[in-house]
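Since the model is a prediction, treat every value here as computed from it, not as a measurement. Here is how names work: the chains are called A, B, and so on, in the same order as the sequence lines, proteins then strands, and each is numbered from 1.
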Amino acid sequence: MAKPTTPQAIRGTQDIFGAEAEAFAHVVETFERVRKLYRFRRVEMPVFERTEVFSRSIGETTDVVSKEMYSFEDRGGESLTLRPEFTAGIARAYLTNGWQQHAPVKLATHGPLFRYERPQKGRYRQFHQLNAEIIGAGEPQADVEVLALADQLLKELGIAEGVTLQLNTLGDAASREAWRAALVEYFRDHAAALSEDSQDRLERNPLRILDSKDSRDRPFVADAPRIDDFLGGEAQDFFGKVCEGLKAASVEWQRAPSLVRGLDYYRHTAFEFVTDRLGAQGTVLGGGRYDGLVETLGGPHTPAVGWAAGIERLAMLVGEAPLDAPLLTVIPDEPEDESLANRIAALLRHAGVSADIAFRGSAKRRFEVARRNGSRARLVIRRQKSTEGIPSRLGHHVVVNEPDSFDPADSAYRNLILKVLSDHFDVIRQDRAAQGYWVDAVLKERT
RNA sequence: GCGAUCGUAGCUCAGUUGGUUAGAGCGCCGGUUUGUGGUACCGGAGGUCGGGGGUUCGAGACCCCUCGAUCGCCCCA
């Protein structure tokens, strides 16, 4: 019979393991902790929706809908799509579940998203995001709130140093439209000198010329009309209040007049936290105010603001996740002692000590494994030797030692281990902190 | 969709202008040595050189196709 072939993983998916997986988990855990401080409520969302949930809200940018979504028909012929973002699904849930009664509602979630794209650094077909939204709040304070959450998250992840908040306003519908018209007119005058891509964008998505990477476009972008000249009084006032609030919350930012959003329903605040440490994919967290989205899904006018952040990108910046609690490895010297090893490990774990059991290979091998898995301490179980005058049936000799040198600062850790042992065994001899050891004791079953 | 680079043991890689039985380090398995054991040494398993076709007396090395990876462009909700 032919040897079965191993199926390949799907392009753009990842199997995350080891340090990277720890960093990933650390990002999610930090988000969960911080989001509670800001009282964002956790929501769980379906991973797929009717295609129209996304296609209607995303609308005209045809590339995105037709080429970059994972869509398929179910058995009933219904077109479904794996969620390419959280926002549209949350807006749908807001409407279909009557969450309007909670408005304004602060929501947070995280999980996998899917986009049919060519993978590159920090970009995958199945990727993961953190997401925070405030729905039903048109006040600039809501913008400040989501930005303060984002800012604190990055600070607590310890990556705020290399990341800057780029902030812009797109104004309200009227100012945005006036600006757009001015941009089209301006770029049209220079069309011949623009890059091919930007000439194309002039028709499809003129705002995007502003963040073109082509050097030929740069000089024109620098002199392009600015949104500030088109902001109405209300829009100006709104942006002013956001800036004021950020200052009060001590969130630092930079004005980025070229920062835009591709979709039409965005209003006012647009922002990205950007780093130069991730190659071409430098946006680590991005979002803005999307006052028009809920209406495209048939709901009432509902102002909202939110952001999403790529977990993989954050994890890359975090690098090594902070060390876990110190690990102790329980090493039974002989196979007969393995069940005692299990028992002691269980007792330690119940007491909150992170413990591993070395259960395979020779005794030597077990020490080797303990050394390499980063154990802070090793608890060795062996039969008490009769040479010391105590018959072997009396008990087990237990040694806890530490690979390097004894560190008195860890006495609380040592005392905890000792307490667990003495709570469950008779300790008939104990030599605390003998040279090189934290604990050196003979245990006897309690009768 | 487009472009560049790459694809040799589980991992990281070396393999001279194409030349006979394909190598190292780490890891894995076994053994010897070592004071409760972060040492050293010895041995072993493991590769259809991503896959297919071609050029050649001869291809891991050269050519074509294909699959995959990486990085970038487009796009970025």
Please round to the nearest 0.5 Å and tell me the distance separating atom CD of Gln126(A) and atom OH of Tyr70(A).
->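 One finds 9.5 Å between CD of Gln126(A) and OH of Tyr70(A).
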[N] and [M]: how far apart are their [atom1] atoms, nearest whole angstrom?
| N | M | atom1 | result |
| --- | --- | --- | --- |
| U48(B) | G1(B) | C1' | 35 Å |
| U39(B) | C26(B) | P | 12 Å |
| G60(B) | G7(B) | C1' | 11 Å |
| C73(B) | C13(B) | C1' | 31 Å |
| A22(B) | C49(B) | P | 10 Å |
| U34(B) | G25(B) | C1' | 24 Å |
| G53(B) | U70(B) | C1' | 26 Å |
| G15(B) | U8(B) | P | 13 Å |

If you find the nucleotide of RNA chain B closest to Glu68(A) and the one closest to Asp197(A), which residue's nucleotide is nearer the 5' end?
->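 Result: Asp197(A).
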Start at the 5' end of RNA chain B and walk down; is the nucleotide closest to Arg313(A) or to Arg11(A) reached first?
->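 That would be Arg11(A).
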Please determine whether a side-chain nitrogen or oxygen atom of [X] lies at a distance below 4.0 Å from atom OP1 or OP2 of [N].
| X | N | answer |
| --- | --- | --- |
| Gln8(A) | C67(B) | no |
| Lys67(A) | G1(B) | no |
| Gln120(A) | C71(B) | no |
| Asn205(A) | C74(B) | no |
| Arg115(A) | C76(B) | no |
| Arg204(A) | C75(B) | yes |

Proximal nucleotide (of A77(B), G68(B), C73(B)) relative to the Tyr266(A) side chain |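 In terms of side-chain proximity for Tyr266(A), the closest of A77(B), G68(B), C73(B) is A77(B).
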Between [atom2] on [N] and [atom1] on [X], what's the gap in Å once rounded to a whole number?
| X | N | atom1 | atom2 | result |
| --- | --- | --- | --- | --- |
| Arg118(A) | A4(B) | CZ | P | 12 Å |
| Lys213(A) | C75(B) | NZ | P | 9 Å |
| Arg201(A) | C75(B) | CZ | P | 4 Å |
| Tyr70(A) | C75(B) | OH | P | 21 Å |
| Glu117(A) | G3(B) | CD | C1' | 17 Å |
| Phe271(A) | A77(B) | CZ | C1' | 14 Å |
| Phe54(A) | C76(B) | CZ | P | 18 Å |
| Leu113(A) | C76(B) | CG | P | 17 Å |

Return the minimal non-hydrogen interatomic distance between Leu95(A) and Gly299(A), and the atom names on each side.
->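 Taking every non-hydrogen atom into account, CD2-CA, 3.7 Å.
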Are any protein N/O atoms closer than 3.5 Å to N/O atoms in nucleotides 27-35 of chain B? If there are, list each pair with its distance.
{"unit_1": "C28(B)", "atom_1": "OP1", "unit_2": "Arg365(A)", "atom_2": "NH2", "d": "2.5"}
{"unit_1": "C28(B)", "atom_1": "OP1", "unit_2": "Arg372(A)", "atom_2": "NH2", "d": "2.5"}
{"unit_1": "C29(B)", "atom_1": "OP2", "unit_2": "Arg365(A)", "atom_2": "NE", "d": "2.9"}
{"unit_1": "C29(B)", "atom_1": "OP2", "unit_2": "Arg365(A)", "atom_2": "NH2", "d": "3.1"}
{"unit_1": "U33(B)", "atom_1": "O4", "unit_2": "Lys364(A)", "atom_2": "NZ", "d": "3.4"}

Give one of base, sugar-phosphate or nothing for Gly286(A), where a contact means two heavy atoms less than 4.0 Å apart.
->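 No contact.
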Helical stems, RNA chain B - three or more consecutive Watson-Crick or G-U wobble pairs below 3.5 Å =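 Counting only runs of 3 or more consecutive pairs, the stems involving RNA chain B are B:1-7 with B:67-73, B:10-13 with B:23-26, B:28-32 with B:40-44, B:50-54 with B:62-66.
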Passes salt bridge (Lys or Arg N to Asp or Glu O under 4.0 Å), Glu338(A) versus Arg366(A)? Steps please.
-> CA-CA 12 Å; Glu338(A) 279 171 8; Arg366(A) 297 178 185 205; 3.2 Å; yes
Angle class for the His190(A)/Tyr186(A) ring planes (parallel below 30°, perpendicular above 60°, tilted otherwise)?
->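 Rings of His190(A) and Tyr186(A): tilted, as their planes differ by 30° to 60°.
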Pairwise side-chain contact, Leu293(A) with Tyr94(A), heavy-atom cut-off 4.5 Å (strictly under) =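 Answer no - side chains too far apart.
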For atom CZ of Phe48(A), is the number of surrounding heavy atoms from other residues, nucleotides or ligands below 6.0 Å larger than 12?
->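 Counting neighbours around CZ of Phe48(A), 12 or fewer heavy atoms of other residues, nucleotides or ligands fall under 6.0 Å, so no.
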Kindly say whether, by distance alone, the side chain of Arg123(A) makes a donor-acceptor pair under 3.5 Å with the base of C75(B)?
->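 Counting by modelled atom types and ignoring angles, a donor-acceptor contact under 3.5 Å is found here.
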Answer yes or no: is there an ion pair linking Glu78(A) with Arg50(A), defined by an N-O contact shorter than 4.0 Å?
->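 Yes, this pair counts.
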Start with the C-alpha gap between Phe24(A) and Gln14(A), add the side-chain angles, then the distance that decides, and say whether side-chain contact (heavy atoms from CB on, under 4.5 Å) holds.
-> CA-CA 12 Å; Phe24(A) 189 106; Gln14(A) 2 166 35; 5.7 Å; no
For residues Glu133(A) and Tyr290(A), is any side-chain donor paired with an opposing acceptor at under 3.5 Å?
->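 A pair is found: one side chain offers a donor N or O, the other an acceptor, under 3.5 Å apart.
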Arg216(A) (side chain) donor-acceptor with Ala193(A) (main chain) under 3.5 angstrom |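 Checked: no pair found.
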Glu117(A) and its salt bridge (charged side-chain N to carboxylate O under 4.0 Å, His left out) partner, picked from Lys67(A), Arg123(A), Arg11(A) =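 Of Lys67(A), Arg123(A), Arg11(A), salt bridge (charged side-chain N to carboxylate O under 4.0 Å, His left out) with Glu117(A) is met by Arg123(A) alone.
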